[in-house]
K.L.:
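My structure is below; once you've seen it, I'll send some questions.
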Amino acid sequence: MHITVFGGSGFLGSHICDKLTEAGHRVTIFDRVLSPWLRKDQSMIVGDILDEEMVAQAIDQADLVFNFAGIADIGEANNRSIDTVRYNILGNTIILDACVQSKIKRYIFASSTYVYSKSGGFYRCSKQACELYIENYHAVFGLDYTILRYGSLYGPRANDHNAIFRFVKEALETGKISYYGTPNALREYIHVEDAALASVEILRPEYVNEHIILTGHQRMRVEELFKMIAEILPEPLEFEFDHNKTSYHYEITPYSFNPKVGKKLSLPYHVDLGQGILKAIEEYYREMHPELHNLHGFLIKE
């Protein structure tokens, strides 16, 4: 199938584009910036999702559409509330409308487990609004959809917006990890490649018009995650917690708001959290020390 992926240059979107291509689909990426991970067997359109004409052209020949575009960081969304409405809600609606005009078979939307929560600030508000628009486009125009509610992602291609990337970066650079929350905050971290594989799995017909939860297999307290990072690193780490009652992050569970119930999709094989953290540490350490190269699993200086 021909699949257009909005936001395909980003952390999660780029991994899903790779998995879609590997599954034999023809992929067109639409994003504001050229993807640094663009493959020779993928097409790229550089544009803005607020440009209705460009959006319509991007999906004119597509069978399916994925939408990962918009503001995805909670802190950034809270600092850019109007832009969050523009790109997350209006942008989503522009794509939805183009999908109806082009008779797209299914619209796949990247939502968040924060839709269940009172936490998440303007980011959460935007995802709740988008889900309601998608459900109503199905009711009014018959546009089929799948809504994917992602949990806490980590893995290759992450940046400073990603929690585990920030933890690893701070640990390696300063010998300390700081967290704006309590040490008992629970998360279900999911490796981005597991999330990408699951996002291709949902193309099967049984996932049409479903709300799918994609989180990790293991619940872990933030303090336990820090201890895991500390055990992997040779030098001792200092942990610093700043519990701010006005934090936009949930502590134990995101579940409080009650949108349509989602079904959790669990792959039979997944990246172990400890191995994933080890890989994240190695990748950032190699970024800090480009003079090193990997020889049989050891980082060696030339």
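What you see is a predicted model, and the numbers here were worked out from it, not measured in a lab. One-based numbering along the sequence shown.
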K.L.:
Does any non-hydrogen side-chain atom of I49 lie less than 4.5 Å from one of I95?
P.N.:
yes
K.L.:
Applying side chain to side chain contact (heavy atoms under 4.5 Å, CB included), run through V222 and L186 and close with a yes or a no.
P.N.:
CA-CA 6 Å; V222 171; L186 283 169; over 6 Å; no
K.L.:
Would you name the heavy atoms of D48 and V55 that are closest together and state the gap between them?
P.N.:
O-CG2, 4.1 Å
K.L.:
So does L143 get a backbone contact from the side chain of H138, meaning a donor-acceptor N/O pair under 3.5 Å?
P.N.:
yes
K.L.:
Quick test of your reading: applying salt bridge (charged side-chain N to carboxylate O under 4.0 Å, His left out), list the pairs with at least one residue in residues 154-164, sequence neighbours left out, ordered by first then second residue.
P.N.:
D18-R157, D160-K169
K.L.:
Can you name the side-chain hydrogen bond (donor to acceptor under 3.5 Å, both in side chains) partners of T146, sequence neighbours left out?
P.N.:
R106
K.L.:
Does one side chain, of T215 or E188, offer a donor that lies under 3.5 Å from an acceptor on the other?
P.N.:
yes
K.L.:
Treat each ILVMFWY residue as a node, draw an edge where side-chain heavy atoms are under 4.5 Å apart, and state whether V33 and L50 are in one component.
P.N.:
no
K.L.:
I need the L153 CG to S112 OG distance, nearest 0.5 Å.
P.N.:
9.0 Å
K.L.:
So V192 and Y154, side chain to side chain contact (heavy atoms under 4.5 Å, CB included) or not? Walk me through it.
P.N.:
CA-CA 6 Å; V192 67; Y154 76 100; over 6 Å; no
K.L.:
Do E224 side-chain atoms and R221 backbone N/O form a donor-acceptor pair below 3.5 Å?
P.N.:
yes
K.L.:
Look at the side chain of N78 and the backbone N and O of F122, then say whether any donor-acceptor pair between them is shorter than 3.5 Å.
P.N.:
yes
K.L.:
What's the shortest heavy-atom distance between L214 and A198, and which atoms?
P.N.:
CD2-CB, 3.5 Å
K.L.:
Nearest 0.5 Å, please: how far is CG in L237 from CD1 in I232?
P.N.:
10.5 Å
K.L.:
Which heavy atom of E170 sits nearest a heavy atom of S178, and at what distance?
P.N.:
OE2-OG, 2.9 Å
K.L.:
Out of curiosity, L172 CG to I177 CD1, how far, rounded to the nearest 0.5 Å?
P.N.:
9.0 Å
K.L.:
Just grab all the ring-ring contact (aromatic ring centres under 6.0 Å, His included) pairs involving residues 23-52, residues at least two apart or on different chains.
P.N.:
F6-F30
K.L.:
If you apply the rule side chain to side chain contact (heavy atoms under 4.5 Å, CB included), what do you find for I45 with T28, and how did you get there?
P.N.:
CA-CA 7 Å; I45 299 172; T28 297; 3.8 Å; yes
K.L.:
How would you list all residue pairs meeting salt bridge (charged side-chain N to carboxylate O under 4.0 Å, His left out) that involve residues 66-85, not counting sequence neighbours?
P.N.:
E76-R80, R80-D83, D83-R86
K.L.:
Return the set of residues passing salt bridge (Lys or Arg N to Asp or Glu O under 4.0 Å) with E223 (not counting sequence neighbours), or none when no residue passes.
P.N.:
none
K.L.:
Taking the side chain from S126 and the backbone from Y123, do they hold a donor-acceptor pair closer than 3.5 Å?
P.N.:
yes
K.L.:
Can you name the nearest heavy-atom pair linking A62 to T4, along with the distance?
P.N.:
CB-OG1, 3.5 Å
K.L.:
Atom CZ of R149 and atom NZ of K127: how far apart are they, to the nearest 0.5 Å?
P.N.:
12.0 Å
K.L.:
Taking atom OG of S199 and atom CD1 of I108, what is their separation to the nearest 0.5 Å?
P.N.:
9.5 Å
K.L.:
Using every non-hydrogen atom in the two residues, find where E210 and E206 come nearest and quote the distance to one decimal.
P.N.:
CG-O, 3.8 Å
K.L.:
Centroid separation under 6.0 Å, is that true for the rings of H211 and F109?
P.N.:
no
K.L.:
Counting N and O atoms only, with roles assigned by atom type, does the side chain of S9 sit under 3.5 Å from a partner on the main chain of S35, one being a donor and the other an acceptor?
P.N.:
yes
K.L.:
With sequence neighbours left out, which residue pairs that include part of residues 39-72 fulfil the ring-ring contact (aromatic ring centres under 6.0 Å, His included) condition?
P.N.:
F66-F68
K.L.:
How would you list, by chain and number, every residue that makes a side-chain contact (heavy atoms from CB on, under 4.5 Å) with N159, sequence neighbours excluded?
P.N.:
H161
K.L.:
Would you kindly say whether N67 and Y107 are connected by a side-chain donor-acceptor distance under 3.5 Å?
P.N.:
yes
K.L.:
If hydrophobic clusters are built by linking Ile, Leu, Val, Met, Phe, Trp and Tyr wherever their side-chain heavy atoms come under 4.5 Å apart, do L132 and I94 end up in the same one?
P.N.:
no
K.L.:
Taking the inter-plane angle between the rings of F226 and F239 on a 0 to 90° scale, is it parallel (under 30°), tilted (30 to 60°) or perpendicular (over 60°)?
P.N.:
tilted
K.L.:
Sequence neighbours excluded and cut-off under 3.5 Å, please list the side-chain donor-acceptor pairs for residues 96-104, or say none.
P.N.:
| from | atom 1 | to | atom 2 | distance (Å) |
| --- | --- | --- | --- | --- |
| D97 | OD1 | Y137 | OH | 2.9 |
| S102 | OG | A98 | O | 3.4 |

K.L.:
Check salt bridge (Lys or Arg N to Asp or Glu O under 4.0 Å) between K227 and all other residues, then give those that pass, not counting sequence neighbours.
P.N.:
none
K.L.:
For a quick test of reading the model, state the closest non-hydrogen atom pair linking A185 to Y179 and the distance between them.
P.N.:
CB-OH, 3.9 Å
K.L.:
Decide whether I82 and I74 are clustered together by the hydrophobic rule: side chain heavy atoms of Ile, Leu, Val, Met, Phe, Trp, Tyr closer than 4.5 Å, transitively.
P.N.:
no
K.L.:
Could you tell me whether the side chain of D51 and the main chain of G47 form a donor-acceptor pair under 3.5 Å?
P.N.:
no
K.L.:
Among all residues two or more places apart in sequence or in another chain, which pass the side-chain hydrogen bond (donor to acceptor under 3.5 Å, both in side chains) test with E173?
P.N.:
Y284
K.L.:
When hydrophobic residues are tied together by side-chain contacts of less than 4.5 Å, even through go-betweens, does I212 share a cluster with V208?
P.N.:
no
K.L.:
Strictly distance-based, threshold 3.5 Å: is any side-chain N or O of N88 a donor or acceptor partner for the main-chain N or O of G70?
P.N.:
no
K.L.:
Please report the C-alpha distance between E193 and H15 in whole Å, then the side-chain angles of each, then the deciding distance to 0.1 Å, and finally whether the side chain to side chain contact (heavy atoms under 4.5 Å, CB included) criterion is met.
P.N.:
CA-CA 7 Å; E193 292 189 3; H15 281 282; 3.9 Å; yes
K.L.:
Would E22 and R39 pass as an ion pair if we require N to O under 4.0 Å?
P.N.:
yes
K.L.:
Find out whether M44 and L34 are in side-chain contact, i.e. whether some heavy atom of one side chain is under 4.5 Å from a heavy atom of the other.
P.N.:
yes
K.L.:
Checking D144 now: which residues fulfil side-chain hydrogen bond (donor to acceptor under 3.5 Å, both in side chains) with it, not counting sequence neighbours?
P.N.:
N209
K.L.:
Mind checking what makes side-chain hydrogen bond (donor to acceptor under 3.5 Å, both in side chains) contact with T21, not counting sequence neighbours?
P.N.:
Q42
K.L.:
Is there a path from F241 to M228 through hydrophobic residues (I, L, V, M, F, W, Y) whose side chains come within less than 4.5 Å of each other?
P.N.:
yes
K.L.:
With rounding to the nearest 0.5 angstrom, report the CD1 to OG distance, I134 to S111.
P.N.:
7.5 Å
K.L.:
Donor-acceptor pair, distance only, cut-off 3.5 Å: does the side chain of D60 make one with the backbone of A56?
P.N.:
no
